[in-house]
Amino acid sequence: FNWTTLKEYQEILFQFYNGIAKISINRPQVHNAFTPRTVAEMIDAMNICRDNSDIGVIILTGEGGKAFCSGGDQSVRGHGGYIGEDTVPRLNVLDLQMQIRRIPKPVIAMVAGWAIGGGHVLHVVCDLSIAAENARFGQTGPKVGSFDGGFGASYLARIVGQKKAREIWYLCDQYNAQEALDMGLVNKVVPLEQLEETTVEWCQKILEKSPLALRMLKASFNAELDGQAGVQQLAGDATLLYYLSDEAKEGKNAFLEKRKPDFSKYPKFP
Ligand code: 1HA
């Protein structure tokens, strides 16, 4: 595929092809472990994806074919978080997780090799996951002195069930692509050399669909799980749709024209 660079970063690649944005962690020497900078760059790229109306779907991946992401870079883990050049400890991957769930476009994890620890959680929070046959999944928290009790626990449990999610976290075992498929953790498994082709194919199928319908579906899937914040997201989309209507425009126009609004002609649907 003829990917073009959307913006240059130090620790990620950010590319575009035919309506698809691809965000790749580019630290293959450490199995794509993330630092606060990696995460800040991903957050920046996600913001661009949100605002750019040429982009309809986002692929999240890791460079090199050996790892999707191995979680937080343990060599920069300090007192209270992962420490970047500004010496501030951060857990900013939690903001990225929220952003992946909130962006009103489908996000697809394209997983080759390791998806481990905080890197596993990143694929978990994506809308869909497509795995290569070499993919390996697992959490390591209780082994390396960490845990993600947010989406990493509760949303994982919604996907694979309570018993399996507890097994994944308590034992810190690793699961192959077929096992991940069997437990509903990924949508599809393909040979490594077909991973990008298949993912792009899925993206193209999605891009043929109604963007507003996809947006409403994503918000609806999230709403139940995200409580009041989920309702806020779905309600915001309802407001967006309402603002598109003549009925809502009558309210605004009446205000600007300093007259009483006349809503009488708008239907009261059963
Ligand atoms: O839990 C959280 C959070 C919770 C709440 C809020 C925020 C959070 C943010 C992050 C996290 C976490 O991600 S905690 C979990 C952190 N990750 C891990 O515990 C995984 C560590 N890595 C491994 O267990 C293994 O590397 C592996 C199973 C993925 C692969 O093993 P393999 O094939 O034997 O490769 P290995 O030799 O271990 O790794 C290759 C190189 O990559 C090594 O460097 P080298 O010895 O060649 O210099 C290795 O040190 C490096 N590397 C791999 N993973 C990491 C890493 N370096 C730093 N951090 C890593 N995560």
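No experiment lies behind these values; they were computed from the predicted model shown. In listed order, ligands and their atoms are each counted from 1. Heads up: numbering here begins at 1 and tracks the sequence.
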### Query
Are K265 and D246 ion-paired here, with the side-chain N under 4.0 Å from a carboxylate O?
no
### Query
If you count the non-hydrogen atoms of other residues, nucleotides and ligands that lie under 6.0 Å from CZ in F221, is the total more than 12?
no
### From Q74, R37, R90, residue fulfilling side chain to side chain donor-acceptor pair (under 3.5 Å) relative to Y82
Q74
### Query
Counting heavy atoms only, which of G117, S70, P36, P142 comes nearest to atom 20 (C) of ligand 1?
S70
### Query
Going by heavy atoms, is K143 under 4.0 Å from ligand 1?
no
### Query
Do any non-hydrogen protein atoms sit less than 4.0 Å from atom 45 (P) of ligand 1?
no
### Message
Taking I48's backbone N and O only, do any of them form a donor-acceptor pair with N52's side chain (distance below 3.5 Å, no angle check)?
### Response
no
### Query
Between H123 and F68, what is the ring plane arrangement, given parallel below 30°, perpendicular above 60°, and tilted in between?
perpendicular
### Query
Is the backbone N or O of V125 less than 3.5 Å from a side-chain atom of Q97, with the two atoms forming a donor-acceptor pair by type?
no
### Task
Kindly indicate whether atom 24 (O) of ligand 1 is approached by any protein heavy atom to under 4.0 angstrom.
no
### F147 atom CZ, neighbour heavy-atom count above 12 within 6.0 Å
no
### Summary
atom 37 (O) of ligand 1 has as its nearest protein heavy atom H31 NE2, 4.9 Å
### Query
In the protein, which heavy atom is nearest to atom 5 (C) of ligand 1, and how far is it?
F147 O, 3.4 Å
### Query
What are the two closest heavy atoms between D237 and M216, and how far apart are they?
CB-SD, 3.5 Å
### Query
Which residue owns the protein heavy atom closest to atom 53 (C) of ligand 1, what's the atom, and how far is it?
V30 O, 3.6 Å
### Query
When you measure from atom 58 (C) of ligand 1 to every protein heavy atom, which one gives the shortest distance, and what is it?
D73 OD1, 3.3 Å
### Nearest-option assignment for atom 8 (C) of ligand 1, heavy atoms, candidates V93, V144, T140
V93
### Summary
ligand 1 atoms nearer than 4.0 angstrom to some heavy atom of A33 are 59 (N), 60 (C), 61 (N)
### Query
Protein heavy-atom contact under 4.0 Å for atom 61 (N) of ligand 1?
yes
### Message
Does the protein place a non-hydrogen atom closer than 4.0 angstrom to atom 29 (C) of ligand 1?
### Response
yes
### Query
Measuring to protein heavy atoms, does anything land under 4.0 Å from atom 48 (O) of ligand 1?
no
### S24 side chain to N26 side chain, donor-acceptor N/O pair below 3.5 angstrom
no
### Message
Out of all atoms in ligand 1, which are within 4.0 Å of some heavy atom of Q174? Include the element for each.
### Response
28 (C)
### Query
Under the 4.0 Å line, does any protein heavy atom show up next to atom 34 (O) of ligand 1?
no
### Query
Given Q139 and D148, is the side-chain contact (heavy atoms from CB on, under 4.5 Å) satisfied, shown in steps?
CA-CA 9 Å; Q139 299 296 156; D148 182 342; 5.7 Å; no
### Message
Starting from atom 59 (N) of ligand 1, what is the nearest protein heavy atom, named by residue and atom, and what distance separates them?
### Response
Q74 N, 2.9 Å
### Message
Between R158 and E224, does any side-chain N to carboxylate O distance fall below 4.0 Å?
### Response
yes
#### Entry: Under 3.5 Å: N/O of S75 near N/O of ligand 1
no
### Message
Please classify the L94 to ligand 1 contact at 4.0 Å (heavy-atom distances, strictly less than): side chain, backbone, both or neither.
### Response
side chain
### Task
Say whether, by atom type as modelled, one donor and one acceptor occur between the side chain of N32 and the main chain of E63 under 3.5 angstrom.
yes
### Task
Examine ligand 1 and decide if any of its atoms is less than 4.0 Å from a heavy atom belonging to Q29.
yes
#### Entry: atom 11 (C) of ligand 1 protein-contacted, heavy-atom criterion under 4.0 angstrom
yes
### Message
Quick check against the 3.5 Å criterion: does K105 have a side-chain atom that pairs as donor or acceptor with the backbone of C49?
### Response
yes
### Summary
If you compare F68, Y82, W114 by their heavy atoms, the one closest to atom 14 (S) of ligand 1 turns out to be Y82
### Message
Going by the closest heavy atom to atom 1 (O) of ligand 1, which one wins out of G150, G71, S146, G119?
### Response
S146
